[in-house]
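One structure below.
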Protein chains: 2
Amino acid sequence: MKENKTKYSVLGILSYGPMSGYDIKKFYEQSIAGFWSESYGQIYPILKRLAKEGLAIKSVQKQEGKPDRHIYAITDEGRKALQQWLVEPVGRHIGRHEILLKLIFGRQIELKESMYQIERFRDRQQQELTEIRQLKKRFKTDAADNPNMPFWQLAFDYGEHVNRAYIQWAEKAIGALRKMKK
Amino acid sequence: MKENKTKYSVLGILSYGPMSGYDIKKFYEQSIAGFWSESYGQIYPILKRLAKEGLAIKSVQKQEGKPDRHIYAITDEGRKALQQWLVEPVGRHIGRHEILLKLIFGRQIELKESMYQIERFRDRQQQELTEIRQLKKRFKTDAADNPNMPFWQLAFDYGEHVNRAYIQWAEKAIGALRKMKK
DNA sequence: TAGAGCATGTAATAGGTTACATGATTAG
DNA sequence: CTAATCATGTAACCTATTACATGCTCTA
């Protein structure tokens with residue numbers, strides 16, 4: 001059962017409630033931008049497919065002065081398919097860490113250039129860490145009663161742990177490069 | 001200058017010395033499997049392209065009883081192109097963390113299933129951490145005089161930091177789920 | 001004698017982004 | 001008046017994996 005992750009990410013979002021493709025895109029951007037994203041070029045065709053496969057049903061909501069909203073709702077069948085996917089072991093996945101790729105070829109450039117790379121990386125992850133903490137707080141107050149909250153907290157926690165590790169590594173690496181210079 | 005990362009990963013490997021596509025594949029598998037990988041379906045066409053663009057030159061090494069080796073060597077132009085890419089800031093990249101995707105939809109399945117997911121994840125990262133440490137040691141003794149060594153150490157260090165963070169998070173998350181159960 | 005290693009490559013397919021097309025409303 | 005937001009979708013284009021094709025040698 002080697003199945004499309006994007007499909008299940010959309011189906012999973014629909015498990016939170018009926019939504020349009022536009023809403024789904026927003027969800028990616030505003031909630032899980034830190035660890036997942038999809039473009040319209042993926043979302044709309046997948047919604048069509050989900051409807052064809054009976055995993056979701058479409059209904060059209062007419063609006064004045066704005067385009068119609070095509071709302072998709074997960075079906076029982078869809079929920080079953082999602083559940084099946086959720087319990088499947090996740091396969092090993094190689095995250096492509098471009099910063100490391102650039103580092104290991106560092107002998108080709110000046111040391112200070114590698115340092116800049118790591119500094120930029122550190123700053124970005126620092127910013128991301130700040131954003132995660134803000135999001136975490138916002139969720140805690142805005143949706144304290146949401147039954148999905150505990151799971152979300154785990155995800156935020158993950159982001160905090162990983163980004164802290166990135167930053168710690170970056171500091172250490174910058175120190176090591178400074179020593180190399182001498 | 002939005003250019004193909006795969007191309008530069010191949011070019012970077014060639015900066016270590018002349019190699020065949022087969023060698024390059026091995027390099028991915030034996031050295032940087034933790035943070036980058038490419039298939040033959042990418043490697044061979046890219047080598048062809050590099051030669052066409054003058055960034056590498058090909059020569060054929062005949063062997064007895066084995067297929068010929070098509071050796072590619074980086075050119076001065078190739079080295080320049082690589083250097084240019086190396087100093088370019090790395091763009092933000094969203095690693096697709098499937099484990100998180102499965103977690104945030106966790107309400108759809110039994111709590112213990114989410115726990116299994118995290119336990120499997122923790123065990124895998126634990127194993128990866130062990131492998132990184134072994135690789136680190138092996139490199140330290142095997143190639144102590146290699147001028148690229150300091151950069152490699154930074155990459156190993158990265159792997160250690162990140163995997164430690166994964167494991168710590170996993171322990172914490174399992175604890176949180178255990179509490180939820182009660 | 002089966003399987004792994006050596007070694008090159010292509011074709012089919014899947015996964016994913018970007019640009020384009022359309023067009024009204026609203027906020028600055 | 002300009003830009004953003006709302007809203008749907010497609011086509012062209014990259015990026016990447018998997019399966020296939022070939023064929024010899026060495027090891028278990």
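The aromatic rings of F121(B) and Y158(A) lie tilted to each other, with the angle between the two planes from 30° to 60°.
Here the P atom of nucleotide dC6(C) and the CE atom of M19(B) are 15 Å apart, to the nearest Å. If you measure from atom CZ of R69(A) to atom P of dG9(D), you get 12 Å, rounded to the nearest angstrom. Between the NZ atom of K5(B) and the C1' atom of dC14(D) there is a distance of 12 Å, given to the nearest Å. Across the protein-nucleic acid pair, H70(A) atom NE2 and dT22(C) atom C1' stand 13 Å apart, rounded to whole Å. H93(B) places its NE2 atom 13 Å from the C1' atom of dT17(C), with the value rounded to the nearest Å. The distance between atom NZ of K7(A) and atom P of dG15(C), rounded to the nearest whole Å, is 10 Å.
The number of heavy-atom neighbours closer than 6.0 Å to CD of E110(A), taken from other residues, nucleotides and ligands shown, is 12 or below.
No hydrogens or angles considered: nothing links the side chains of R122(B) and Q125(B) as a donor-acceptor pair under 3.5 Å.
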Test log, rule salt bridge (charged side-chain N to carboxylate O under 4.0 Å, His left out), inputs R138(A) and E131(A): CA-CA 10 Å; R138(A) 195 148 58 72; E131(A) 278 162 24; over 6 Å; no
So S9(A) and Y28(A), side-chain hydrogen bond (donor to acceptor under 3.5 Å, both in side chains) or not? Walk me through it. CA-CA 10 Å; S9(A) 82; Y28(A) 282 118; 2.5 Å; yes
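Put simply, S39(B) has no side-chain N or O that comes within less than 4.0 Å of OP1 or OP2 on dT18(D). Contact annotation: N4(B) does not reach the phosphate of dC14(D) (side-chain N/O to OP1 or OP2, under 4.0 Å).
Taking every heavy atom of residues 24-37 of chain B and every atom of DNA chain D, no pair lies under 4.0 Å. Residues from residues 43-68 of chain B with heavy atoms under 4.0 angstrom of DNA chain D, sorted by number: G65(B), P67(B).
Checked for salt-bridge contact, E160(B) and K136(B) meet the test: a charged N lies under 4.0 Å from a carboxylate O. Remark: K25(B) engages E29(B) in a salt bridge, criterion side-chain N to carboxylate O under 4.0 Å. Using a 4.0 Å cut-off between a side-chain N of Lys or Arg and a carboxylate O of Asp or Glu, R96(B) and E38(A) qualify as a salt bridge. A salt bridge is defined here as a Lys NZ or Arg NE, NH1 or NH2 lying under 4.0 Å from an Asp or Glu carboxylate O, and R92(B) with E98(A) fails to meet this definition.
In this structure, of dT8(C), dG15(C), dA16(D), it is dA16(D) that holds the atom nearest to the side chain of Q42(B). The listed nucleotides are dT8(D), dC6(C), dG16(C); the one nearest the side chain of R96(B) is dG16(C). For Y40(B), taking side-chain heavy atoms from C-beta onward, the closest of the listed nucleotides dT8(C), dT17(C), dT8(D) is dT8(C).
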